[in-house]
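Because only heavy atoms are used, hydrogens play no part in the values below, and waters and symmetry mates are left out as well, while side chains stay in. Here the structure is a predicted model, which is why all the values come from computation and not from measurement. So you know, we letter chains A, B, ... as the sequences are listed, proteins then strands, and number each from 1.
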Amino acid sequence: MALSKTARLDRGLLTRAALDAGRKLNPRCLLANPVILVTEGVAALATLSAAGQITAGEPAGFALQIAGWLWATVLFANFAESIAEGRGKAAADSLRASRVTTRAKVITDDQIIFTPAHELQPGMVVLVEAGDLIPADGEIVEGIASVNEAAITGESAPVIRESGGDRSAVTGGTTVVSDWLRVRVTAAAGSSFLDRMIALVEGAGRRKTPNELALAVLLAGLSLIFLIAVVTLLGLGRYSGVAIPLVVLGALFVTLIPTTIGGLLSAVGIAGMNRLLKFNVLALSGRAVEAAGDIDTLLLDKTGTITFGNRMASEVIPLRGIAADTALRAALMSSLGDETPEGRSIVSFAEGQGISAVRPDGAITIPFSAQTRLSGLEAGPTVWRKGAVDAVLKQLGITERDTPRDFAAAVDRIARSGGTPLAVSENDRLIGVIHLKDVIKPGVKERFQDLRRMGVRTVMITGDNSVTAAAIASEAGVDDFLAEATPEDKLRLMRAEQAKGRLVAMCGDGANDAPALAQADVGVAMQSGTQAAREAANLIDLDSDPTKLIEIVEVGKQMLITRGALTTFSIANDVAKYFAIVPALFVGALPALGALNVMQLASPQSAILSAVIFNALIIVALIPLALKGVRYRPVGAARLLSRNLLVYGLGGLVAPFIGIKLIDLLVSTLGII
Amino acid sequence: MDLRGWAEIALTLGLSVGVAWPLGLYMARIWAGETTWLTPVLNPVERGIYRVLGVRPEQSQGWKGYSFSVIAFSVAGFVLLYALLRLQGFLPLNPAGFGNLDPHLAFNVAVSFVTNTNWQSYGGETTMSLLSQMAGLAVQNFTSAAAGLAIAAAAARAFAGDREVGLGNFWVDLVRITLYVLLPLSIVVALALVATGVPQTLHAAVTVTGLEGAQQTLALGPVASQEAIKQIGTNGGGFFNANSAHPFENPNPLSNLIEAVSITALGFATFIAFGRMARARKEAASLVIVAFLLVAAAAVAIYGLENQTVPGLLKAGVEAGQNLEGKEYRFGTAASALWSALTTGASNGSVNAMHESFMPLSGGIQMFLIQLGEILPGGVGSGLYGMLVMALLAVFVAGLMVGRTPEYLGKKVEAAEIQYAMLAVLILPLAILGFSALAAVLPAALSSLLTDGPHGLSEILYAYSSAGGNNGSAFAGLTAATPWWDTTLGIAMLLGRFGYIVPVMAILGSLAAKPRLAPTAGTLPASGRLFSGLLLGVILVLGGLQFFPALALGPLAEHFQLLASLRP
Amino acid sequence: MRTYIRPALGSMVLFTLLLGLAYPLAITGIAQTLMPEKANGSLVRDRSGTAVGSALIGQNFNSPAYLHPRPSALAAAYDASTSGGSNLGPLSDTLASRIADGAATLRTELNLPADYPLPADAVTTSASGLDPDISPAYALLQVPRIAAARNLPVGKVDAALKAATRGPLLGFLGQTRVNVLKANLLLDSLSGEAQ
């Protein structure tokens with residue numbers, strides 16, 4: 001299932017969101033959003049006051065319209081949140097569909113008992129055979145099988161799962177395609193990975209992230225300040241001979257408090273999580289996503305992340321007096337029986353150079369062993385061997401003194417460049433050297449450059465010696481590397497970075513990565529990794545692509561930027577609203593204040609109404625931005641800020657002047673007031 | 001307006017920052033406990049004081065302990081001063097034989113001086129005995145300033161440290177700042193002022209017979225010693241009713257220059273000391289620049305306004321291009337306009353011209369500078385922590401826009417900080433607008449006004465702005481020595497001082513405990529043009545949003561009325 | 001709590017002794033020793049050595065023979081036992097009528113036409129009510145009256161006023177101003193010589 005495909009803005013979604021927005025008028029739903037709750041309160045008061053005017057037989061058109069638009073403000077804010085939630089709900093629905101009730105085969109004392117999946121307890125061992133649905137999350141105790149994990153990852157090609165090692169975790173809801181597995185259950189029913197995923201996607205129990213919390217405090221504080229500013233106008237106004245109607249005071253208050261960001265705040269958060277889902281990353285907490293935006297240092301395993309993970313032949317160097325073709329052919333023949341990735345890479349390299357060979361009939365493969373440290377092929381009288389340089393030399397009886405000088409030079413050059421030299425021989429003759437090297441994944445270098453521009457330092461971690469590590473590090477363009485690293489070294493490095501006040505992210509999949517993942521400020525586990533790793537991490541990459549961290553960082557940043565931008569916009573808007581409402585309130589008693597009516601609004605009433613309408617409509621206008629997020633580009637912080645300040649600060653200052661004026665023109669031309 | 005006026009403004013402003021630089025670097029050394037050339041003389045005194053106080057100087061206090069100390073110290077100061085004022089009639093050094101102060105006036109004065117406001121509900125030369133002036137008011141001039149500076153030192157430590165619990169020892173900061181900074185500076189400035197003609201005598205008055213045979217009684221006293229600390233410590237409570245407009249407090253342009261520079265010097269120096277101690281020189285320089293730009297812009301605007309047509313003069317056919325009502329001729333409009341900006345920007349509150357007689361918009365600007373939170377550069381110490389609160393808010397909003405959890409000087413700004421910052425920010429509108437709205441409808445309050453209409457509202461707004469901002473200057477037409485005004489202004493002063501200090505200390509405690517993060521390419525730089533512009537914008541918008549409606553009813557309305565009255 | 005009370009009260013007592021007594025007394029001692037004239041109020045004496053006022057504090061003059069100061073907002077003009085300004089704003093009607101009255105009186109007294117543009121300092125009160133100075137323009141307007149009252153040539157009066165005039169410090173700090181008391185002392189000494 002590809003989560004991204006399910007979240008489309010269709011008509012059904014909109015209808016559902018609109019209905020939901022109405023349901024959310026229940027004040028209890030708004031408790032988490034004080035700004036909107038207060039707006040609703042003011043709307044209710046305005047309605048009562050309008051009703052009072054009607055019963056008293058006074059004209060109530062103005063009060064009614066204000067009240068109407070105040071209710072609209074609340075509805076629009078609810079609508080924004082509902083749309084954002086709707087997308088997540090749609091995704092959750094399709095996940096739920098894959099959660100079928102199965103019967104598990106529980107193994108007890110050589111006996112298999114069929115048990116409903118929801119009665120499984122952690123610690124039980126179940127048997128899963130080809131065609132079975134894995135009934136619960138667990139760790140493989142025995143067996144190897146190919147598993148279709150499409151239900152979780154959306155990727156239909158089966159993956160290999162086996163006991164021991166780093167691919168031993170299985171997820172409930174996935175299907176065994178071939179062979180069988182014995183699985184020890186690790187998660188009780190209801191708290192399985194799939195259950196948690198559904199809950200996360202749906203946004204159930206979503207807690208405010210730290211920055212969201214801080215922002216909510218700021219907005220509440222601002223609202224209090226405006227409450228003081230507005231309420232005290234009663235006294236100050238009375239001194240000046242102005243009686244301010246309650247409806248107008250309420251309208252002023254609502255236009256001043258940050259309803260724009262208040263209305264869109266939770267939508268931004270939900271939309272951010274949804275964007276992550278689009279990248280097939282599951283955030284176990286919003287905190288982790290935000291923290292991803294703050295990352296200073298990224299620790300990356302070399303293997304599988306920066307390089308393809310296998311050493312590949314990149315060159316075959318013939319000894320002096322030996323034709324290049326001969327050397328290539330010897331290298332090819334020596335690897336024909338070698339099924340390791342390195343061996344296959346030699347074959348494909350030679351073939352790529354135009355050498356082809358078929359395995360001679362009756363040829364015998366010389367297998368690699370830890371003692372000989374070489375492998376080869378024996379066909380009739382000819383024996384081809386390849387292997388570690390000293391092993392091959394020993395096999396051939398060549399002492400150090402006798403080693404041909406150009407051979408030694410080639411070996412030395414390869415080693416210094418970070419590669420691995422393999423010697424090749426044909427019968428008793430030394431033929432040449434194969435250069436095996438780590439191949440950097442394409443595009444990796446550019447991504448590291450992006451990260452650097454974001455202010456993230458990359459550190460490569462490898463078990464290689466420092467010469468090799470340095471060569472790869474410089475080729476890949478990482479900022480630093482840690483060579484000959486043990487898991488303890490990794491943890492130590494992370495703690496050292498954190499002690500310097502840096503926030504550290506890392507990706508990992510192996511069981512020995514768990515401590516480091518737990519220690520990391522942001523730990524991304526691969527879906528293909530071990531259960532231990534998945535438990536320790538706070539983000540799970542369903543695609544098992546370690547470079548995904550870059551997208552995660554971007555989403556984290558985008559979420560913060562969007563909130564900041566909307567806050568700035570919201571506050572900047574208030575300037576224009578003051579210029580609309582303040583002269584309108586006081587011009588009767590102090591005609592000189594007409595000079596503040598810089599927008600030349602038609603009448604005091606139309607000015608106030610226009611400001612209220614603008615305040616409500618701007619929420620709707622900004623919903624797409626809240627859902628999509630402000631674009632993030634990896635440029636320096638200063639450039640990013642100046643651009644956003646220009647757009648949302650200055651824009652927020654200017655836009656309402658234009659908007660309120662236009663609405664006022666419309667309102668006064670139509671004669672609504 | 002003329003070139004001389006601009007030159008005077010430029011020189012004074014330039015000197016105020018210029019002097020602050022070395023002063024700030026010196027003060028940072030005092031905060032850090034380093035030795036200076038004064039150490040050989042003062043160290044034994046310092047040690048002696050610690051022994052008497054029972055203070056272990058090496059013991060660092062957490063934010064709560066530090067705050068308790070500040071409050072305990074202020075309470076002790078209040079009690080002593082209140083007692084002194086209530087009993088001055090029975091005490092010596094009272095040559096003019098003034099009586100004891102009323103309870104509400106004594107409360108107001110004691111609060112006023114302990115909170116570094118130095119609002120004067122009284123005329124000094126007609127109310128206070130010499131003992132009250134010297135042992136009461138002048139002492140508080142030192143100690144309230146030292147308390148503010150001590151908190152600034154704690155602020156610097158909070159940012160400088162990496163996961164620290166302690167903010168320093170308040171008693172040590174208090175003693176060191178008093179002995180090494182305030183006292184030597186005061187001695188130098190006091191003697192310089194005597195040289196310009198400011199009296200320093202224990203005689204309360206001298207009576208002379210003038211050329212026309214009339215008797216003239218000249219009020220005198222130990223003016224210079226008090227004038228010096230009054231400016232340096234941003235106190236502003238004058239020896240005389242007319243404050244620094246009185247020729248004995250400020251006899252000529254030279255004394256005016258010395259005093260004007262003294263108003264902001266230590267305030268700016270605090271920023272610089274902070275920058276040095278918190279290892280954030282560039283960032284501190286940005287704060288200086290923002291404060292400087294705002295106060296300079298205000299000075300320029302007020303100077304321009306004071307040279308606009310004055311309706312009363314125009315109608316009488318008098319040269320109407322200079323507003324000289326309430327101004328001393330020796331200073332003219334330039335020095336008066338500049339001083340009014342410096343004293344309101346710096347929470348000083350001394351005046352060399354009567355603010356109530358300034359043009360309406362000038363009065364509005366003066367009020368607004370106070371309402372911005374007294375951070376330009378504000379009271380000594382208090383200006384710095386006020387500005388830091390603004391910087392935290394600016395960094396928070398803007399920091400989000402660069403996609404990182406906001407941090408300032410390497411410290412993450414999170415919910416706790418924002419919560420306390422908003423609490424602190426709330427105090428000023430509550431004190432200013434809350435009390436103003438009450439006073440605006442209460443007959444008991446309104447009877448103290450000199451005028452009605454928008455100008456009367458300006459009197460109210462200015463009074464509570466001054467009290468809440470701990471400034472101390474006034475639209476002095478208001479008769480404030482009544483129970484309502486003395487009491488509510490006193491409460492506003494307490495709110496403005498301690499309602500701000502406590503949340504600020506909580507912020508400092510929280511920040512101190514955080515790791516100091518190293519900046520990266522993704523960190524928003526808290527210096528340079530962009531940040532300064534941002535901070536400027538946040539200060540103006542936040543202040544404007546709080547006070548615009550109130551200002552519209554007062555000074556703005558009067559300003560437009562003035563423009564309308566000039567239209568033919 | 002006791003850990004706070006002792007240093008709080010102790011430091012207040014110590015500071016009162018140090019800053020409230022020792023500091024002002026020390027400054028007084030130094031000032032009285034080094035600069036006694038200034039420290040005691042810059043008193044100005046007539047030829048007999050009697051103090052007639054302070055060079056820094058304005059004095060009220062009503063006689064046509066003397067240079068007149070600016071109006072004073074004090075209950076008793078130039079009563080230097082108090083100080084203060086009018087605190088009237090530019091839009092105040094009280095101020096407008098006071099200025100109008102003052103200007104009319106002044107024009108009559110100085111024999112000026114009814115629309116003569118008087119200098120502003122002649123009709124505005126200072127902040128302290130004790131302003132010792134007036135503008136050269138206002139002084140100049142008074143020359144004919146003084147000369148007539150004293151029976152002195154205009155040039156001599158003018159010179160006396162010039163002698164009591166100080167320019168801005170360094171050419172730009174403060175205003176060019178005429179010290180009223182000093183000018184009147186000079187005028188008296190001129191008259192003394194003439195007699």
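- Counting only distance, with no hydrogens or angles, the side chain of B:S225 and the backbone of C:P24 share no donor-acceptor pair below 3.5 Å.
- For the residue pair B:P253 and C:R177, the shortest heavy atom distance occurs at CD-NH2, 3.4 Å.
- For C:Y66, the part lying under 4.5 angstrom from a heavy atom of chain B is the side chain only.
- Residue B:L182 does not touch chain C at all, counting heavy-atom pairs closer than 4.5 Å.
- Across B:A242 and C:S128, no two heavy atoms sit closer than the pair CB-CA, 3.6 Å.
- The main-chain N or O of C:T125 is found under 3.5 Å from a side-chain atom of B:E325 such that the two form a donor-acceptor pair.
- Minimum interatomic distance between C:A127 and B:N352 (heavy atoms only, all atoms of both residues): CB-O, 4.4 Å.
- Contacts of B:A205 with chain C are absent, with no heavy-atom separation under 4.5 Å from either backbone or side chain.
- A donor-acceptor pair is defined here as one N or O able to donate and one able to accept, closer than 3.5 Å; such a pair exists between the side chain of B:Q216 and the backbone of C:G58.
- Only the backbone of C:N60 comes within less than 4.5 Å of a heavy atom of chain B; no side-chain atom from C-beta onward does.
- B:N241 contributes a side-chain N or O that, together with a main-chain N or O of C:S83, makes up a donor-acceptor pair within less than 3.5 Å.
- Taking every heavy atom of both residues into account, B:L218 and C:A80 meet most closely at CD2-CB, 3.5 Å.
- Residue pairs meeting the side chain to side chain donor-acceptor pair (under 3.5 Å) criterion with at least one partner in residues 49-58 of chain C, sequence neighbours excluded, are C:S48-C:T50.
- For residues 8-37 of chain C, the set of pairs meeting the side chain to side chain donor-acceptor pair (under 3.5 Å) definition, not counting sequence neighbours, comprises B:Q200-C:T28, C:Q32-C:N40.
- With sequence neighbours excluded, no residue forms a ring-ring contact (aromatic ring centres under 6.0 Å, His included) with C:F172.
- Formation of a donor-acceptor pair under 3.5 Å by the C:K38 side chain with backbone atoms of B:A195 is found in this model.
- Counting all heavy atoms, side chain and backbone alike, C:L9 lies closest to B:A76 at CD2-CB, 3.8 Å.
- Annotation: residues 99-106 of chain C contacts chain B through C:I99, C:A100, C:A103 [non-hydrogen atoms, separation under 4.5 Å].
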